[in-house]
Amino acid sequence: MNATGSHLKNLDYSVVQQCMHCGLCLPTCPTYDATKLERNSPRGRIALMRAIADGRLEATEVFAEEMYFCLGCLACMTACPAGVNYAELFEHARAEAEQSGVLDSPKRSLIRGFTLRWLFMDLSRLQLVGRVLRLYQQLGLQAFVRRSGALRLLPKRLRELEAMTPEVQPKFSAELIDPVTPSAGPKKHRVAMLIGCAQDLIFSDVNRDTVEVLARNGCEVITPPEQLCCGSLHAHNGEWELAQQLARRNIDQFPPEQFDAIITNAGGCGSHLKHYAKLLAGESAYEARAHEWDRKVKDIHEWLAEIGIAPPASNGRTQVVTYHESCHLCHGQKITTQPRQLLQSIPGVKMVELFESNWCCGSAGIYNLTQPEMAGQLLERKMEHIRTTKCEVVATGNPGCLLQIVNGAKEAGLNLRVVHPVTLLAEAYRSADDLGRESAN
Ligand code: SF4
Ligand code: SF4
């Protein structure tokens, strides 16, 4: 896609015209389910996109708002018998909305400029913000402000956002993971580890657990301390050129020809990372390498299922676990059985299936910040199903879902542990080690 002209008009027309209007996707679409309005359905949205591509419609404010009401959950892609590439349409439609400027306002431009164009283009800036927030939390200032009642002076929306502030980890990934982690046994694979952006600040422990599990299963793991955002936030929010810049820089930092796999443990990132070739199509310096990159990017569950894992020994404990599927892991990457297999390989894990496990929890990138009402409805629905399982642990493979369900459990007063599956596996290995040491003494 060139930088000029309409994104939808420039898009390959075979993608634009794929929809045959059958409507089979409608029951799987959370926004259509909530409103029963055709324009809030995949079919309705695709019709709007096609009208723009055909020159029958200009991008209007209503069009742009509709594109931002869509969760981008991609449940419609799983349901579609015609193989409509909604992911591609959706990204170009949001880029079209941004290009048209119909939603522009000084406040919106300021927020987008600060986050998408500044904060998430250089992760040292994000870490700086994370350090300030960590200090604020560790010094007890956050707890003091919450107790003091000062937050009551804020508008309702800001109070809600404050309540959602995640706890920043005491250490970021670079402080927990060596740049080179040798394989614990004979080296069979050389892999790169992507630490992510939000993941690094809020779930650096999941990154540590991922590297530990990889090393225990024959991988030498390369984890450079300074990394970049994958660009999914940019691509999903209409910043196509920034997403391209990040894709080029990531390929330069992790030359795909040097690794057997490039590992991500975040479902949302993986779904985007596997499509760099589309982003960089036509760029002679990158296109071929981007194809190799796409082949080498592996979600951690997918990679562990491919290489096979050493089963951990039992520690005699049992835990009732349910599994919530990240949309971009199950609909975006079609990874559904591998996380369940991983969980079932852990001794003592009693799996209880979650009803509607692949129905969006409302996190959807920053959707819970931009569309709080719809996100709240989805979270309530998810928490109700989780409550029914009577589980102690919810496992899920994406930082946005982890945070959303942690907040949902807090609101619902549920005593739940919410973890990444790889953390449960790492803990099982560690407790088997402890048992081994105890019996040796
Ligand atoms: S991505 Fe999700 S919310 Fe958007 S149209 Fe498809 S199913 Fe509906
Ligand atoms: S299922 Fe596919 S072809 Fe049918 S309406 Fe939905 S997007 Fe179009």
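Remember, it's 1-based here, ligands and their atoms both numbered in the order they're listed.
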- Message: Does the residue P81 have a heavy-atom contact with ligand 2, meaning some pair of atoms that are separated by less than 4.0 Å?
- Response: yes
- Item | Nearest-contact summary for atom 4 (Fe) of ligand 1 - protein heavy atom, Å | C70 SG, 2.3 Å
- Query: Under 4.0 Å from any heavy atom of C25, which atoms of ligand 2 are there?
  - Reply: 1 (S), 5 (S), 6 (Fe), 7 (S)
- Message: If we set the cut-off at 4.0 Å for heavy atoms, which region of Y32 has an atom near ligand 1: side chain, backbone, both, or neither?
- Response: neither
- of all protein heavy atoms, closest to atom 6 (Fe) of ligand 1 is C76 SG, 2.4 Å
- Query: Do the charged groups of E212 and R216 touch, with an N to O distance under 4.0 Å?
  - Reply: yes
- In terms of atom number and element, which parts of ligand 1 are under 4.0 angstrom from non-hydrogen atoms of G72? 1 (S), 4 (Fe)
- Query: How are the rings of F254 and W293 set relative to one another: parallel (under 30°), tilted (30 to 60°) or perpendicular (over 60°)?
  - Reply: tilted
- Do the ring planes of H92 and W240 sit parallel (below 30°), tilted (30 to 60°) or perpendicular (above 60°)? tilted
- Message: Among C22, C80, P42, A47, which one puts a heavy atom closest to atom 2 (Fe) of ligand 2?
- Response: C80
- Query: For the ring pair H189 and W303, is the centre-to-centre distance below 6.0 Å?
  - Reply: yes
- Message: Under the side-chain hydrogen bond (donor to acceptor under 3.5 Å, both in side chains) test against E306, which residue among K298, H301, Q338 passes?
- Response: K298
- Query: So, E384 and R381, do they make that salt bridge, N to O below 4.0 Å?
  - Reply: no
- When you look for heavy atoms under 4.0 Å from ligand 2, do you find them on the side chain of Q18, its backbone, both, or neither? neither
- Message: Hydrogens and angles aside, do H272 and S232 bring a side-chain donor and acceptor to less than 3.5 Å of each other?
- Response: no
- Message: Give me the nearest non-hydrogen protein atom to atom 5 (S) of ligand 1 as residue plus atom name, then the distance to 0.1 Å.
- Response: R45 NH1, 3.2 Å
- Numbered atoms and elements of ligand 1 in range of C29, under 4.0 angstrom, heavy atoms: 3 (S), 5 (S), 7 (S), 8 (Fe)
- Query: Looking only at side chains, do D209 and Y429 share a donor and an acceptor under 3.5 Å apart?
  - Reply: no
- Message: Looking at ligand 2, would G23 count as a contact under a 4.0 Å heavy-atom criterion?
- Response: yes
- Query: Given that the side chain starts at C-beta and the backbone is N, CA, C, O, which of these parts of I46 lies under 4.0 Å from ligand 2, counting heavy atoms, or is it both or neither?
  - Reply: side chain
- Message: Which residue and atom name correspond to the protein heavy atom nearest atom 3 (S) of ligand 1, and how close is it?
- Response: L71 N, 3.4 Å
- Using the salt bridge (Lys or Arg N to Asp or Glu O under 4.0 Å) rule, take R289 and E283 through it: C-alpha gap first, then chi angles, then the decisive distance, then the call. CA-CA 10 Å; R289 297 175 78 208; E283 293 192 19; over 6 Å; no
- Message: As a check for students: among L26, D33, N40, L74, identify the option with a heavy atom nearest to atom 1 (S) of ligand 1.
- Response: L74
- Minimum-distance protein heavy atom relative to atom 8 (Fe) of ligand 2: C19 SG, 2.4 Å
- Could R43 and E38 be called an ion pair, given the rule that one side-chain N must be under 4.0 Å from one carboxylate O? yes
- Against heavy atoms of M20, which atoms of ligand 2 measure under 4.0 Å? 3 (S), 8 (Fe)
